[in-house]
K.L.:
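What follows is a structure written as structure tokens; I'll ask about it next.
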Amino acid sequence: MFAYQFTNDKPIYIQLIDVFKCKIVAGNLKSGDRLDSVRDLAVQAQVNPNTMQKALSELEKEGLVRTERNSGRYITDDETVIDKIRIQLSKNEVEAFIKKMMSLGFTKKDVLKLIEEQDF
């Protein structure tokens, strides 16, 4: 089972959205996977069911989750939506990294050199 780690810097439902997005982008939740019930997901995350419901509703608005009447919620089958979120998340991470490096006094050239020197 996944261990949720919440912080105080943003609302829990937004943190839940972030967790679901990362799980979907990483392939831990695959296209078409059925999600557990709101109540079960809330118990797993140790949050109020209303908080989980709000997170899932937002994911549905973004097109990452769909609800099928009397059947439950599923991860989208639309790979273009998942790719769009993947790109958005990667851009956010790169931007945060660059801002942090610049705050430490590194130039773009310095950062690129450091990246090129890394063994992946």
Side-chain angles (χ1 to χ4, degrees):
M1 185 189 308
F2 177 79
Y4 290 83
Q5 302 275 332
F6 299 113
T7 61
N8 293 324
D9 63 337
K10 57 185 169 181
I12 291 175
Y13 84 95
I14 292 176
Q15 294 178 64
L16 288 167
I17 291 168
D18 292 344
V19 167
F20 278 101
K21 284 180 178 180
C22 287
K23 285 182 169 186
I24 293 167
V25 166
N28 298 324
L29 289 173
K30 296 177 182 11
S31 295
D33 278 358
R34 185 178 187 280
L35 294 175
D36 290 338
S37 70
V38 170
R39 189 163 304 283
D40 288 344
L41 289 170
V43 168
Q44 291 168 24
Q46 297 180 336
V47 299
N48 185 296
N50 292 331
T51 302
M52 184 60 71
Q53 175 63 40
K54 186 170 184 176
L56 293 173
S57 293
E58 291 298 318
L59 288 166
E60 196 163 343
K61 287 178 189 174
E62 291 186 42
L64 284 171
V65 171
R66 72 176 189 282
T67 300
E68 292 184 10
R69 190 170 175 200
N70 298 323
S71 180
R73 284 193 170 93
Y74 295 84
I75 302 301
T76 184
D77 291 322
D78 189 343
E79 291 294 329
T80 59
V81 172
I82 294 172
D83 287 341
K84 179 182 167 190
I85 297 299
R86 180 179 288 114
I87 290 167
Q88 175 190 345
L89 290 175
S90 66
K91 284 182 177 181
N92 292 347
E93 290 298 319
V94 169
E95 182 180 336
F97 170 73
I98 290 171
K99 284 182 179 177
K100 176 67 174 177
M101 296 302 286
M102 291 177 79
S103 75
L104 295 172
F106 289 89
T107 66
K108 180 180 175 182
K109 186 176 178 179
D110 295 333
V111 173
L112 290 173
K113 183 176 182 212
L114 287 170
I115 291 170
E116 287 173 356
E117 291 173 353
Q118 294 298 309
D119 272 338
F120 293 102

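Just so it is clear, the model here is predicted, and its values are computed rather than measured.
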K.L.:
Enter the distance from Ile85:CD1 to Asn92:CG here, rounded to the nearest 0.5 Å.
P.N.:
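Taking CD1 in Ile85 and CG in Asn92, the distance rounds to 9.5 Å.
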K.L.:
We want to know whether Asp83 and Thr80 form a side-chain donor-acceptor pair, criterion being a heavy-atom distance below 3.5 angstrom.
P.N.:
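No.
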K.L.:
Are Leu59 and Tyr74 connected, step by step, through hydrophobic side chains (Ile, Leu, Val, Met, Phe, Trp, Tyr) whose heavy atoms are closer than 4.5 Å?
P.N.:
no
K.L.:
Can you check whether Leu35 reaches Leu29 side chain to side chain, under 4.5 Å on heavy atoms?
P.N.:
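Leu35 reaches Leu29 side chain to side chain.
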K.L.:
Would you say Tyr4 ends up clustered with Val43 if hydrophobic residues are merged whenever their side chains have heavy atoms under 4.5 Å apart, either directly or through other cluster members?
P.N.:
no
K.L.:
Considering non-hydrogen atoms only, spot the tightest contact between Met52 and Ala42 and give its length.
P.N.:
CE-N, 3.9 Å
K.L.:
If we only count heavy atoms from C-beta on, is the Leu16 to Phe6 side-chain gap below 4.5 Å?
P.N.:
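They are in contact (side-chain heavy atoms under 4.5 Å apart), so the answer is yes.
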K.L.:
Any Lys/Arg nitrogen of Asp77 or Arg66 sitting under 4.0 Å from an Asp/Glu carboxylate oxygen of the other?
P.N.:
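The answer is yes: the pair qualifies as a salt bridge.
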K.L.:
Could you tell me the separation between the CD atom of Glu79 and the CZ atom of Arg86, rounded to the nearest 0.5 Å?
P.N.:
7.5 Å
K.L.:
Under 4.0 Å between a Lys/Arg side-chain N and an Asp/Glu carboxylate O for Lys21 and Asp18?
P.N.:
no
K.L.:
Answer whether the closest heavy-atom distance between the side chains of Val47 and Tyr13 falls below 4.5 Å.
P.N.:
no
K.L.:
Got a sec: does the CD of Gln46 have more than 12 other heavy atoms crowding it under 6.0 Å?
P.N.:
no
K.L.:
Would you find a donor on one side and an acceptor on the other, under 3.5 Å apart, between the side chain of Arg34 and the backbone of Ser71?
P.N.:
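Side chain of Arg34 to backbone of Ser71: a pair is present.
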K.L.:
Would you say the side chain of Lys23 lies within less than 4.5 Å of the side chain of Val19, judging by non-hydrogen atoms?
P.N.:
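A side-chain contact exists here, since the closest heavy-atom pair is under 4.5 Å.
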K.L.:
Would you say Leu114 and Met101 make side-chain contact, with heavy atoms under 4.5 Å?
P.N.:
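Touching, per the 4.5 Å side-chain cut-off.
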K.L.:
Is atom CD of Glu68 surrounded by more than 12 heavy atoms (other residues, nucleotides or ligands) closer than 6.0 Å?
P.N.:
yes
K.L.:
Within this structure, what is the NZ-CD1 distance for the pair Lys54 and Ile12, rounded to the nearest 0.5 Å?
P.N.:
11.5 Å
K.L.:
When you check the gap from the basic side-chain N to the acidic O, do Lys61 and Glu58 get nearer than 4.0 Å?
P.N.:
yes
K.L.:
Which distance, rounded to the nearest 0.5 Å, do you find between the CG of Asp33 and the OG1 of Thr76?
P.N.:
11.5 Å
K.L.:
Is a side-chain donor or acceptor of Lys113 paired with a backbone partner of Asp110 at a separation under 3.5 angstrom?
P.N.:
no
K.L.:
Group every Ile, Leu, Val, Met, Phe, Trp and Tyr by side-chain heavy-atom contacts under 4.5 Å, then state whether Ile98 and Ile115 land in the same group.
P.N.:
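Shared cluster, yes.
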K.L.:
Salt bridge check: are Glu95 and Lys91 linked by an N-O gap of less than 4.0 Å?
P.N.:
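Salt bridge absent between Glu95 and Lys91.
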K.L.:
Quick one: do Met102 and Val94 end up in the same hydrophobic cluster if we chain Ile, Leu, Val, Met, Phe, Trp and Tyr together by side-chain heavy atoms under 4.5 Å apart?
P.N.:
yes
K.L.:
On a heavy-atom basis, which atom in Val25 and which in Ile82 lie closest, and how many Å separate them?
P.N.:
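Heavy atoms of Val25 and Ile82 come nearest at CG2-O, 4.3 Å.
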K.L.:
Test of understanding: clusters of I, L, V, M, F, W, Y form through side-chain heavy atoms closer than 4.5 Å, transitively. Do Ile14 and Ile24 belong to the same one?
P.N.:
yes
